[in-house]
Amino acid sequence: MFKKLSFSAKLLAGTLFLIVVSVLIMGGTNYYSILQSVDDLGAAMVQGASEQFSRAIRMQAEITQEKVKSDLLLLDMEINRSGSLALNPAAPIACNITNQITGLQGKRLYPCPDIGGEDPQWKLRTG
C-alpha cells in the first residue's frame with residue numbers, strides 16, 4: 001500500500017509522522033520535567049507554610065507570655081497595695097475535687113486566702 005502512494009504523499013506522511021513523534025517526545029519530556037517542578041513547588045509551599053505557622057505560634061506564645069507577666073505584676077502590685085497574702089485555716093472553703101485519672105470525686109476543705117487582713121471568702125463563692 002505504501003508503494004502505491006505518490007512521492008508527495010509519502011513526503012507528507014513522513015513529515016506528519018515526524019511531527020507527531022516530535023510532539024510526543026517533547027510532550028513527554030515536558031510532562032516529566034513539569035512533574036518534578038510541581039513536586040518541588042509543592043514541597044517549597046508546604047515548607048513555607050509550616051515555617052510561617054511556626055512563626056505565628058511563637059509570636060502568639062510570646063504575646064501570651066508577656067500578658068501573663070503583666071498580669072502577674074499587676075496581681076503582685078494589688079496584693080502589695082492591700083497587704084500581705086496569708087492562708088486563714090479558721091475559714092475553710094469547701095471544694096469538690098475529681099481525680100482526673102480514676103474519676104473519683106470527693107470534697108476537700110482548703111484554707112481561705114486572706115489578703116491584707118480582709119476575708120475574701122464571699123468573693124470566692126460569688127466569683
Side-chain angles (χ1 to χ4, degrees):
M1 176 179 157
F2 195 66
K3 291 182 179 181
K4 293 183 180 182
L5 292 175
S6 67
F7 178 73
S8 61
K10 290 177 185 177
L11 186 62
L12 182 61
T15 304
L16 288 176
F17 177 75
L18 287 176
I19 289 173
V20 169
V21 169
S22 297
V23 167
L24 288 175
I25 290 173
M26 291 183 68
T29 304
N30 284 336
Y31 174 75
Y32 286 114
S33 67
I34 287 174
L35 187 63
Q36 182 62 37
S37 297
V38 168
D39 284 344
D40 293 343
L41 179 64
M45 285 180 60
V46 168
Q47 183 180 3
S50 65
E51 287 174 358
Q52 188 176 18
F53 185 67
S54 176
R55 279 193 303 264
I57 287 176
R58 275 195 301 271
M59 184 174 65
Q60 188 64 38
E62 289 171 5
I63 290 170
T64 304
Q65 187 65 35
E66 287 298 319
K67 175 69 174 139
V68 168
K69 283 181 184 178
S70 67
D71 287 350
L72 287 175
L73 182 63
L74 180 64
L75 176 66
D76 192 41
M77 288 171 44
E78 285 296 316
I79 288 173
N80 288 334
R81 186 175 60 86
S82 298
S84 63
L85 176 66
L87 296 177
N88 184 359
I93 299 173
C95 294
N96 293 325
I97 59 172
T98 303
N99 185 327
Q100 297 296 316
I101 298 172
T102 63
L104 293 175
Q105 294 183 349
K107 226 175 201 185
R108 178 113 190 222
L109 294 176
Y110 291 102
C112 181
D114 190 9
I115 300 174
E118 215 177 281
D119 183 16
Q121 187 171 4
W122 63 273
K123 291 180 186 176
L124 292 175
R125 290 192 179 164
T126 60

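The first residue of the sequence shown is numbered 1, and numbering continues consecutively from there.
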Listed by chain and number, what are the salt bridge (charged side-chain N to carboxylate O under 4.0 Å, His left out) partners of Asp39, not counting sequence neighbours?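 Counting only residues at least two positions away or on another chain, Asp39 forms no salt bridge (charged side-chain N to carboxylate O under 4.0 Å, His left out).
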Would you mind writing out the side-chain donor-acceptor pairs for residues 51-63 within the sub-3.5 Å range, not counting sequence neighbours?
| unit_1 | atom_1 | unit_2 | atom_2 | d |
| --- | --- | --- | --- | --- |
| Glu51 | OE2 | Gln47 | NE2 | 3.3 |
| Ser54 | OG | Arg58 | NH1 | 2.8 |

Partners meeting side chain to side chain donor-acceptor pair (under 3.5 Å) with [X] (sequence neighbours left out):
X	answer
Gln65	none
Asp40	Gln36
Asn30	none

- Qualifying salt bridge (Lys or Arg N to Asp or Glu O under 4.0 Å) pairs with a residue from residues 71-83, counting only residues at least two apart or across chains: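 Output for this query lists Lys67-Asp71, Glu78-Arg81.
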If you link ILVMFWY side chains whenever their heavy atoms are less than 4.5 Å apart, which other residues fall into the same cluster as [X]? By chain and number, please.
X	value
Met45	Leu41
Leu35	Tyr31, Tyr32
Leu16	Leu12
Val23	Ile19

For Leu87 versus Pro89, what's the shortest heavy-atom pair and its separation?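 For Leu87 versus Pro89, the nearest heavy atoms are O-CD, 3.2 Å.
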**For Ile25, all residues meeting side chain to side chain contact (heavy atoms under 4.5 Å, CB included), sequence neighbours excluded** =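 With neighbours one apart ignored, the set is Val21, Thr29.
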Enumerate donor-acceptor pairs with a distance under 3.5 Å from any side-chain N or O in residues 100-113 to protein atoms, sequence neighbours excluded.
| unit_1 | atom_1 | unit_2 | atom_2 | d |
| --- | --- | --- | --- | --- |
| Thr102 | OG1 | Asn99 | ND2 | 3.2 |
| Thr102 | OG1 | Leu104 | N | 3.4 |

